[in-house]
Structure formats: structure tokens, C-alpha cells
Amino acid sequence: MVANVARLKAGILISGRGSNMQALIEACRAPRFPAEIALVLSNEAAAAGLARAREAGIATRVLDHRGFGKDRAAFERALTAALEEAGVEFVCLAGFMRLLTDTFVDRWRDRLINIHPSLLPAFRGLDTHRRALEAGVRLHGCTVHFVRAAMDDGPIIVQAAVPVLADDDEARLAARVLAAEHRCYPLALRLAAEGRLAVENERCRVAGAPAPEAALINPPPA
Ligand code: GRF
């Protein structure tokens with residue numbers, strides 16, 4: 001018999017459709033994946049991701065921030081309490097549309113990660129695909145990073161670059177980036193769960209990662 005190695009208990013915070021959440025849930029289904037999803041928590045009762053999580057047999061909770069009025073500290077205390085109650089050790093933000101204060105970020109420091117649809121530090125904030133098209137960049141992508149109090153800031157764990165194509169509109173570009181997100185987020189969670197991430201001077205080192213093979217050049221040389 002193979003000994004059961006303890007898997008990292010992760011919680012996922014969502015506000016919407018939850019496709020990245022789904023990618024994490026699916027990755028965790030693999031018997032040798034080193035993490036499991038202990039709780040999916042949404043601040044929106046109507047989030048489509050909640051139904052997807054329930055269908056996958058994952059415990060869910062709703063904590064509507066509106067119920068806390070302007071008291072962000074109380075909302076965040078409730079978030080932490082719900083996560084702790086579920087035994088969560090590590091938190092993944094996956095389309096969670098609330099800014100988090102220093103107190104929450106410090107409580108979960110280096111155990112709180114986010115996925116953002118751009119190659120950070122370019123295009124922090126919203127509408128990243130529209131802004132990438134407007135800027136005329138040839139490469140766009142996504143980033144998984146540790147969360148800090150400043151928005152879309154913090155040590156970078158994984159990035160994926162995708163080409164921007166001549167006939168792209170926002171939807172086509174978003175779909176290409178999203179497919180990359182669904183590969184990057186499970187990878188970042190696995191690296192964290194394997195204890196291979198170390199933050200030093202606000203940069204993240206990844207232990208034992210091979211170097212990628214080639215540059216992605218767009219347009220490609222003939
Ligand atoms: C993703 O594009 C993610 O990068 C951003 O919010 C979006 C969430 O999409 N933070 P989904 O809910 O995971 O489908």
C-alpha cells in the first residue's frame with residue numbers, strides 16, 4: 001500500500017463564472033496532485049462558479065460583502081473564519097472581485113495567490129485585453145502571483161505568453177489567454193503544494209524548474 005501523503009488544503013475565492021476554479025478542481029482530481037480543494041467561497045450568491053463547484057462535490061459558502069455594509073474588516077474576518085473552519089491552508093483568488101486589505105493579505109501572506117489576465121506588471125486592473133489591443137503589443141498573457149496589498153502586485157510565480165494576432169478582437173484574445181490561465185493556475189498551485197516556491201526580496205524562486213525551450217516571436221521569423 002502507498003502511504004497517503006497529506007495534501008495541501010486549498011480554498012478558492014470566486015465572484016463569477018469560475019472557469020479557473022474549475023481548472024483547479026480538475027487538477028486536484030488527479031490522485032497524485034499534491035493539493036485538494038477544501039472550500040469554494042463566493043461573495044456573490046449568483047456566481048455561476050458555485051453551481052460548478054457543487055456539481056463537482058466541493059463544499060461551498062457564500063459571504064455577501066453587502067451584508068457587512070462598509071465594514072471591510074468584518075467581511076474579511078468572516079472570510080478568514082470560513083476558510084479556517086474548512087481547514088484551508090492556502091488561498092487561490094480566481095476572479096474574486098473584491099480588493100483585500102493589508103490585514104487579510106498579512107494573515108495569508110505567501111499563502112494567497114491570484115491569477116491576472118496580463119503579463120504583469122503590464123496592464124494591471126480591468127479590461128486588460130482591450131488595453132493590450134489598443135497598445136498594439138505582439139505578446140499578451142497571464143500571470144499567477146502572490147498577493148500583496150497593492151492591486152495586481154506581488155511576487156510572480158508563473159507567466160504564460162500568447163501571441164496577439166492581426167484579426168483579434170477582445171473576445172478572441174481573451175479566449176486564448178484564458179486557455180493559458182487554465183494551464184498556469186494548476187501549475188502554480190502544484191508548485192506551492194510541493195513546497196517549491198520561496199519568496200526572497202519580493203521575488204519568487206521556483207525550485208527544480210527546467211528552462212523553457214524557445215522564445216515566442218510574433219510575427220515569427222520566416
Ligand atoms: C480571469 O480572466 C482571471 O484572470 C481574472 O478574472 C477572470 C476570472 O475568470 N482574475 P473565471 O471566473 O476564472 O472564469
Side-chain angles (χ1 to χ4, degrees), residues 10-29 35 37 39-56 58 60-65 79 90-100 104-105 108 111-135 137 139-164 168-192 204:
I12 308 179
L13 303 193
I14 64 168
S15 300
R17 73 188 155 178
S19 72
N20 278 289
M21 171 209 76
Q22 186 92 46
L24 292 171
I25 290 174
E26 275 161 25
C28 287
R29 282 211 182 103
I37 307 304
L39 182 68
V40 168
L41 206 162
S42 175
N43 65 312
E44 296 284 353
L50 282 172
R52 298 171 95 163
R54 286 188 202 112
E55 268 163 41
I58 307 287
T60 61
R61 290 267 307 252
V62 175
L63 278 174
D64 189 335
H65 58 280
L79 285 181
F90 194 88
V91 180
C92 302
L93 305 181
F96 185 65
M97 300 306 282
R98 306 300 302 165
L99 288 177
L100 295 163
F104 187 86
V105 170
W108 295 98
R111 283 173 296 158
L112 174 62
I113 64 177
N114 179 46
I115 186 152
H116 181 74
S118 80
L119 288 170
L120 290 174
F123 308 123
R124 292 188 163 112
L126 298 174
D127 298 322
T128 57
H129 309 307
R130 180 179 55 72
R131 288 156 59 210
L133 288 171
E134 282 169 7
V137 294
L139 299 174
H140 184 42
C142 62
T143 304
V144 183
H145 63 97
F146 285 107
V147 173
R148 296 294 182 256
M151 187 181 59
D152 301 326
D153 187 33
I156 290 169
I157 303 166
V158 179
Q159 290 188 304
V162 303
V164 180
D168 269 351
D169 57 16
E170 239 180 289
R172 272 193 292 269
L173 182 55
R176 194 173 307 118
V177 172
L178 194 64
E181 292 184 38
H182 296 162
R183 296 174 65 194
C184 288
Y185 219 177
L187 169 60
L189 179 57
R190 181 161 65 76
L191 293 170
C204 178

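Along the sequence shown, residues are numbered consecutively beginning with 1. In listed order, ligands and their atoms are each counted from 1.
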Item checked: Heavy-atom pair with the smallest gap, counting every atom of L24 and C92 ->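 The answer is CD1-CB, 4.0 Å.
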Next item on the list: Verify, without hydrogens or angle tests, whether H129 (side chain) and R172 (backbone) share a donor-acceptor contact under 3.5 angstrom.
Entry: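 Checked: no pair found.
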May I ask you to identify the nearest protein heavy atom to [atom], giving residue, atom name and distance to one decimal place in Å?
atom: atom 12 (O) of ligand 1; value: G18 N, 2.9 Å
atom: atom 9 (O) of ligand 1; value: R17 NH2, 3.3 Å
atom: atom 1 (C) of ligand 1; value: E181 OE1, 3.1 Å
atom: atom 10 (N) of ligand 1; value: I115 O, 2.8 Å
atom: atom 8 (C) of ligand 1; value: G95 CA, 3.7 Å

Next item on the list: Please identify each residue that fulfils side chain to side chain contact (heavy atoms under 4.5 Å, CB included) with L99, with sequence neighbours left out.
Entry: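 R72, M151.
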Check: What atoms in ligand 1 come closer than 4.0 Å to a heavy atom of P117?
Finding: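 Per the distance check, 2 (O), 4 (O), 5 (C).
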Note to self: Take a 6.0 Å sphere around CZ of R183 and say whether it holds more than 12 heavy atoms from other residues, nucleotides or ligands.
What the structure shows: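 Counting neighbours around CZ of R183, 12 or fewer heavy atoms of other residues, nucleotides or ligands fall under 6.0 Å, so no.
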May I have the list of side-chain donor-acceptor pairs in residues 154-163 shorter than 3.5 Å, sequence neighbours left out?
residue: Q159; atom: NE2; partner: L120; partner atom: O; Å: 3.0
residue: Q159; atom: NE2; partner: T143; partner atom: OG1; Å: 2.9

